[in-house]
Amino acid sequence: MITPDDIAQRKMQFLFALRSKGVTDTRVLDAMEKIDRGAFVRGLFAERAYEDMPLPIACGQTISQPSVVGLMTQALNVSPRDKVLEVGTGSGYQAAILSLLARRVYTVDRHRRLVREAAEIFRALDLTNITAMTVDGSFGLPEQAPFDRIIVTAAAEDPPGPLLAQLKIGGIMVVPVGQSDAVQSLIKVTRQDSGFDYDELRPVRFVPLLEGLGRDT
Ligand code: SAH
């Protein structure tokens, strides 16, 4: 049986693993200490929530590896006044972390069931500054644009044009780019007065950004 002491021990190891993989921003680490990843993983895999690995969630999707969540959040450099869009709600874990760092978080997924379940967790945790919606996020969320920050947690072949267009000048977008079945590159896009700067951060592996709404499983 897992005791509360075991859980405390695992959480300490979890934070240690994040630091050793390069998550050093104290605001990000504080947010990841506060948001319990265990609340976002159900069933068989729940007891592996504090390991640094991706895990299966509903609809054939995955909750990302915590160190990748940490590194992406760090690269996004969110400030407390920011309005953030996340494409790829999945379990809701990444959005919950962002909600402690930003003013307002819009998170969208193509699977209705994932959005519904994530929204239930946000309510239970009293994270009132997140709005979760079922839409095809490759078109962004024009009615709430522009955004200070955009994070895409599914791999696109190129940074989607509508998302670039919905980024404020001075804004940052983090997006995994590459073929869906290969290793992708995590790209940080910064919108300048005229044009965009692209930085390649590290290799990552994400599920693909797909078109249209998903059939829930
Ligand atoms: N950020 C999530 C993990 C995301 S997994 C977490 O913290 O748990 C990637 C998610 O992207 C999946 O849930 C998938 O359904 C979603 N996705 C893929 N293509 C999409 C699209 N076009 N629009 C919205 N969501 C999409």
Side-chain angles (χ1 to χ4, degrees), residues 18 23 28 31-32 35-43 45-46 48-73 75-76 78 84-102 105-122 125 127 130-142 144 147 149-163 166 173-181 184 186 204-217:
L18 291 176
V23 185
V28 175
M32 292 186 77
I35 300 293
D36 182 2
R37 188 168 184 252
F40 296 85
V41 186
R42 290 169 198 221
F45 291 95
R48 312 195 73 169
Y50 309 112
E51 293 176 30
D52 191 25
M53 51 163 55
L55 294 170
I57 56 172
C59 305
Q61 305 302 314
T62 52
I63 176 172
S64 311
Q65 186 176 347
S67 57
V68 173
V69 171
L71 291 168
M72 286 175 83
T73 309
L76 208 58
V78 181
V84 182
L85 172 66
E86 180 195 26
V87 176
T89 310
S91 66
Y93 179 59
Q94 171 75 74
I97 291 164
L98 289 169
S99 79
L100 299 189
L101 301 170
V105 177
Y106 293 90
T107 183
V108 301
D109 204 287
R110 60 191 289 279
H111 284 288
R112 201 171 298 284
R113 171 173 170 194
L114 293 176
V115 169
R116 191 181 59 235
E117 291 182 356
E120 277 165 18
I121 303 174
F122 302 148
L125 298 180
L127 302 174
I130 311 178
T131 306
M133 295 167 70
T134 309
V135 299
D136 178 350
S138 21
F139 301 103
L141 200 56
Q144 297 299 340
F147 298 96
R149 299 288 184 266
I150 299 179
I151 180 169
V152 186
T153 61
E157 287 192 15
D158 291 299
L163 295 184
Q166 290 173 29
M173 169 159 78
V174 175
V175 51
V177 171
Q179 299 296 326
S180 58
D181 51 352
Q184 306 117 13
L186 187 63
V204 283
R205 190 157 198 174
F206 276 85
V207 297
L209 189 73
L210 298 174
E211 279 180 20
L213 294 189
R215 288 215 281 136
D216 287 3
T217 47

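When a ligand or atom number is given, it counts from 1 through the structure's own listing order.
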- Message: Taking 4.0 angstrom as the limit and counting only heavy atoms of S91, give me the atoms of ligand 1 inside it, by number and element.
- Response: 6 (C), 7 (O), 8 (O)
- Item | Test item, I57 contacting ligand 1 (heavy atom, 4.0 angstrom) | no
- Query: From F139 CZ over to L163 CG, what is the distance, rounded to the nearest 0.5 angstrom?
  - Reply: 10.0 Å
- Query: Hey, does P208 sit under 4.0 Å from ligand 1 if you only count heavy atoms?
  - Reply: yes
- Query: With only distance considered, is V87 within less than 3.5 Å of ligand 1 through an N or O on each side?
  - Reply: no
- Message: Given 3.5 Å as the limit, does a donor-acceptor pair link the side chain of T89 with the main chain of V108, or not?
- Response: yes
- Task: For the residue pair F40 and L125, establish whether any side-chain heavy-atom pair is separated by less than 4.5 Å.
- Result: yes
- Message: For atom 16 (C) of ligand 1, which of the options L210, D109, T134 provides the nearest non-hydrogen atom?
- Response: D109
- Backbone of V84 reached by a side-chain donor or acceptor of R149 within 3.5 Å: no
- Note on the structure: Closest heavy-atom approach to atom 26 (C) of ligand 1 among R37, R113, R110 is made by R110
- Query: Do any nitrogen or oxygen atoms of I63 lie less than 3.5 angstrom from nitrogen or oxygen atoms of ligand 1?
  - Reply: no
- Query: If you measure from each heavy atom of T89 to ligand 1, is any distance below 4.0 Å?
  - Reply: yes
- Which ligand 1 atoms does D136 reach within 4.0 Å, using its non-hydrogen atoms? 21 (C), 22 (N), 23 (N)
- Query: Can you list the atoms of ligand 1 that are under 4.0 Å from a heavy atom of V135?
  - Reply: 23 (N), 24 (C)
- Query: Numbering the atoms of ligand 1 from 1, which are under 4.0 Å from a heavy atom of L114?
  - Reply: 13 (O)
- Qualifying side-chain hydrogen bond (donor to acceptor under 3.5 Å, both in side chains) pairs with a residue from residues 54-67, counting only residues at least two apart or across chains: D52-Q65, D52-S67, Q65-S67
- Task: For ligand 1, find out whether one of its N or O atoms is nearer than 3.5 Å to an N or O atom of E211.
- Result: no
- If you scan protein heavy atoms around atom 11 (O) of ligand 1, the nearest is G88 CA, 3.3 Å
- Using modelled atom types only, decide if a donor and an acceptor are shared between the side chain of Q166 and the backbone of L141 within a distance under 3.5 Å. yes
- Message: Checking the N or O distance criterion of under 3.5 Å, is ligand 1 in contact with G137?
- Response: yes
- What pairs meet the salt bridge (charged side-chain N to carboxylate O under 4.0 Å, His left out) rule with one or both residues in residues 86-97, with sequence neighbours excluded? none
- Item | Proximal ligand 1 atoms for Q94, defined as those under 4.0 Å from one of its heavy atoms | 1 (N), 7 (O)
- Message: Under a 3.5 Å distance rule, please check whether D109 uses its side chain to pair with a backbone N or O of G90 as donor and acceptor.
- Response: yes
- Query: Should you measure from each heavy atom of T62, which atoms of ligand 1 turn up under 4.0 Å away?
  - Reply: 3 (C), 4 (C), 5 (S)
- Query: Can an N or O of S64 be found at a distance shorter than 3.5 Å from an N or O of ligand 1?
  - Reply: no
- Enumerate the atoms of ligand 1 whose separation from the nearest heavy atom of H111 is less than 4.0 angstrom. 15 (O)
- For Y93, the option from V69, L98, T153 that meets side chain to side chain contact (heavy atoms under 4.5 Å, CB included): V69
- Query: If we only count heavy atoms from C-beta on, is the V68 to L186 side-chain gap below 4.5 Å?
  - Reply: no
- pair R48-V41: side-chain heavy atoms closer than 4.5 Å: no
- Query: Within the side chain of R110, is there an N or O that forms a donor-acceptor pair under 3.5 Å with the backbone of G212?
  - Reply: yes
- Query: Quick one: does S138 get a heavy atom under 4.0 Å from ligand 1?
  - Reply: yes
- Of all protein heavy atoms, the one nearest atom 14 (C) of ligand 1 is Q61 OE1, 3.4 Å
